[in-house]
Amino acid sequence: MAQLQEAATDEQILLVVDDREENRVAMEALLGDGQWNVRTVDSGEAALRCMMEEAVGLVLLDVQMPRMDGFEVARLMRGSSRTRYTPIIFLSAIAHTEESVLRGYAIGAVDFILKPFDSRVLKHKISALLEQERHRHELELLTQQLDRERAFNASVLDNASEGILVIDRDGIIRFANPAMAQMLRCTVTELQGSALLSHLHTPQAPSDWKDSEFYRHWRDGRTYRAHDAVLTTRDGGYLPAALSCSPLPQYQNSMVLIALDMSVVRTLHAQLESQAVTDALTGLYNRRGFHQALETALSRIDRSGKRMAVLYLDLDGFKRINDSLGHDAGDEILRKVGEQLKHCLRPYDIVARMGGDEFTALLDTLDHPEDAARVAEKLIETISVRHKVDGIDFTLGASIGISVYPECGNTVDRLLRSADMAMYEAKRAGRQQYRFFSPEMNGRARSRLMLEESLRNAIEQDDFVLVYQPQIDLASGRLRGFEALLRWEHRVAGTITPGVFIPLLEETRLINRLGDWIFNQGVRQCRAWQAQFGDQLLLSLNVSPVQFGMPQLVDELRRVLESHGLNPSQLELEVTEGALMQDLDATREQLRQLRALGVRIAIDDFGTGHSSLAYLRHFDLDTLKIDRLFVANMLDSPKDAAIVSTIIDLGHHLGLEVIAEGVETLEQRDWLIAHRCTAMQGFLVAPGLPVARAAAFPARLDWSTWQPDEPPQVIG
Ligand code: C2E
Ligand code: CA
Ligand code: CA
């Protein structure tokens, strides 16, 4: 604009071209009264030179001049961009032919004036033409400026490194700059005409434009900013971007969107974040990282119902090493311990250095707390070896505290604090140890560990044996079969009865491991006895609730039966009421499969469990075993007698065999015979017998005259 004003106020030159001096003087006299800036030259050449150098607003051009006439000057003027539009008035002394006048106009004259002329007319004409020329000139400058500005804007848009879009009210892209196209890996043409939402990652973007924040903000005349938008590139990639979308002036009915490529920033951010949670010395998590990891694990485990453990480890004797060998040696040791920790744990367990010589580990998804104890033992063992730094030998140690989720807490702080406290407890107890947070837990986990350990040994060293208690048919005295009972011949403690260890085995689910052994042992024995006792001999095996709940029970039994070649109908499984009642649907299915396999089912300890009689109707069974407590009391207590006879009747009505357990006297036996009980077992006849003695048992007792020849030797 400044240029334009300058040009307009600049006084324009009025150029008079005439070869005759008197004419030039006359014109100067006529026009040079101060109104215009008049310049006179005497030839066409001089005129052209003057116009090149100065701002000439109008030329009064003599037609007849030697060398170069007025027409020639006009022609040359029209050929140059500087003078193309400068108005020309031809002055001529002679009357021209119409043809030459026309020629003059064709070249670009705006007027033809014959000398002599009326000076007032000439002055008016000059005024008007100069005015017109000034307007033309202004317009030209204006156009130039507009062009320059347009080019400037275009270059800004083209060279901006941010993506710029203009979007119309319907969400369609009307303009896109090259940077935007580059960001989205496509061309500007491809972008123009496409819908904005089609370039946004879908989870964030609504499908309908009118529901989008872009549209809503635009409608309200506000700027919409999305700092964590994700754009989809044409090749299917994702580009993190910050967007701002502002309305353009209303009549334009559109908005301008600026997109910033955030991928570098995000990567940097991630890097910074990882630095913030990493311990620089060991590369493990730092305190903050561990907190975060624990938090995440807690939020996940809440849903999964699993357990997890936090281990708090403190090195024993580190301070001494650090003080005597210096910090570099200390750092090296910390790095080494970090490596050892990582090595001892599973790849997905989380290890951190909390600062100083304190480390933590998060053991995700444990089956039992004692698994954490095992890890702690391994860590202590690994760390507590001789180290050599700078040629000096020394031993390091570690004390570990363990807290278990959810028993010791269900928040990050609680778990860490509990583990920390337990760690101090371990230190106080004499270092090189681990401690669970709660004392009860500590004790339980330890005895379980010990039990598991000795159980593994016991299986390996054949410390388990089965003894066989005979079952006698009450009517005939015939040997019905044997119930296999487990004994643990402990090297130190002597014979241990199952009542002591079966519940623990059940709790730790180790019963399954032992169960396989029992099945194999019992079934093999029964098959071996076939030659002697025939193929009607039954083998009763006790199945614990945990075993009964295992889906693979039937497959396992089938395998064992097949491998020893025993007829499934010779096997009777004893299951307690409790085991049957755990999950009725599962029980029904398990019983169906066992039945399909062909094995018999007995209910053990019948009458002691809390269950409804109704299930007797629903479940497909073979035998009821009356609990020995009822038998023991039935002769003294009419109530117990009533219970026993009722069970016997019930069995008969349902077509089940009934076995009385724990029969110790002839009176009990006779009472049971009188009440038509099917079979009995008990010390009266024999306790659980070792294989050799069981093998010597008669296939049929001379029942009516039979007497217990010696007081029973209690093995079980
Ligand atoms: P149960 O199935 O009720 O076994 C009968 C228990 O009564 C046995 O004790 C046996 O020795 C004892 N007994 C037998 N006759 C008499 C008697 O006349 N008088 C007295 N007072 N007791 C008698 P045991 O062997 O200590 O077994 C206890 C429990 O341990 C069993 O109860 C059974 O539930 C479980 N068990 C035994 N062996 C196994 C096995 O191999 N696997 C599983 N899962 N559990 C077993
Ligand atoms: Ca039993
Ligand atoms: Ca029993």
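Counting starts at 1 for both ligands and their atoms, in listed order.
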Contact atoms of ligand 1, heavy-atom distance to Ser544 under 4.0 Å: 44 (N)
Which ligand 1 atoms are under 4.0 Å away from a heavy-atom of Gly682? 15 (N), 18 (O)
Asp604: its N/O/S atom lying closest to the Ca ion (ligand 2) (atom name): OD2
Gln469 versus ligand 1: do any nitrogen or oxygen atoms come within less than 3.5 Å of each other? yes
Is a side-chain donor or acceptor of Gln547 paired with a backbone partner of Val543 at a separation under 3.5 angstrom? no
Nearest non-hydrogen atom to atom 36 (N) of ligand 1 belongs to which of Pro498, Ala484, Ala579? Pro498
Under the ring pair (Phe, Tyr, Trp, His ring centres under 6.0 Å) test against Tyr468, which residue among Phe697, Phe533, Trp529 passes? Trp529
So, is Glu661 placed with an N/O/S atom under 3.0 Å from the Ca ion (ligand 2), counting both backbone and side chain? no
Location of contacts on Asp605 toward ligand 1, heavy atoms closer than 4.0 Å: side chain
Using heavy atoms and a threshold below 4.0 Å, how should the contact between Asp604 and ligand 1 be classified: side chain, backbone, both, or neither? side chain
Numbered atoms and elements of ligand 1 in range of Gln547, under 4.0 angstrom, heavy atoms: 44 (N)
Quick one: which ligand 1 atoms are inside 4.0 Å of a heavy atom on Glu483? 2 (O), 4 (O)
Examine distances only and state if a side-chain atom of Glu577 and a backbone atom of Gly607 form a donor-acceptor pair shorter than 3.5 Å. yes
Should Ile511 be counted as touching ligand 1, given the test is an N or O pair under 3.5 Å? no
Please answer whether the main-chain N or O of Arg676 pairs with a side-chain N or O of His652 as donor and acceptor at a distance below 3.5 Å. yes
Check for a donor-acceptor pair, side chain of Lys625 on one end and backbone N or O of Glu661 on the other, with a separation under 3.5 Å. no
Below a 4.0 angstrom heavy-atom separation, can you tell me which part of Asn542, side chain or backbone, both or neither, approaches ligand 1? both
Under 4.0 Å to a heavy atom of Gly662 - the qualifying atoms of ligand 1, by number: 16 (C), 17 (C), 18 (O)
Could you tell me whether the side chain of Trp703 and the main chain of Leu474 form a donor-acceptor pair under 3.5 Å? yes
Could you go through the side-chain contact (heavy atoms from CB on, under 4.5 Å) check for Asn567 and Asp535 one step at a time? CA-CA 8 Å; Asn567 190 338; Asp535 59 8; over 6 Å; no
Would you say the Ca ion (ligand 2) has Ser540 as a near neighbour, meaning an N/O/S atom of that residue under 3.0 Å away? no
Counting backbone and side-chain atoms alike, is an N, O or S atom of Glu483 positioned under 3.0 Å from the Ca ion (ligand 2)? yes
Which of these, Glu574, Glu572, Glu657, sits in a side-chain hydrogen bond (donor to acceptor under 3.5 Å, both in side chains) with Thr623? Glu572
Heteroatom proximity flag, Gln681 to ligand 1, N/O under 3.5 Å: no
Glu664, Arg487, Gln668, Glu574: member with heavy atom nearest to atom 25 (O) of ligand 1: Arg487
Test item: Val644 and Trp671 side chains (from C-beta on) under 4.5 Å apart, heavy atoms: yes
If you check every N/O/S atom of Glu574, which is the one nearest the Ca ion (ligand 2)? OE1
Where the side chain of Ser403 meets the backbone of Leu415, is there a donor-acceptor pair that is under 3.5 Å apart? yes
Under a 3.5 Å distance rule, please check whether Asp349 uses its side chain to pair with a backbone N or O of Arg346 as donor and acceptor. yes
Check this for me - ligand 1, Gly499, N or O atoms closer than 3.5 angstrom, yes or no? no
Is the closest heavy atom of Lys625 to ligand 1 under 4.0 Å? no
What do we get for Ile502 next to ligand 1 when only non-hydrogen atoms under 4.0 Å count, side chain, backbone, both or neither? side chain
How about Thr608 and Asp605: does a side-chain donor come under 3.5 Å of a side-chain acceptor? no
Give a yes or no on whether the backbone of Asp473 and the side-chain of Arg478 come within a donor-acceptor separation of less than 3.5 Å. no
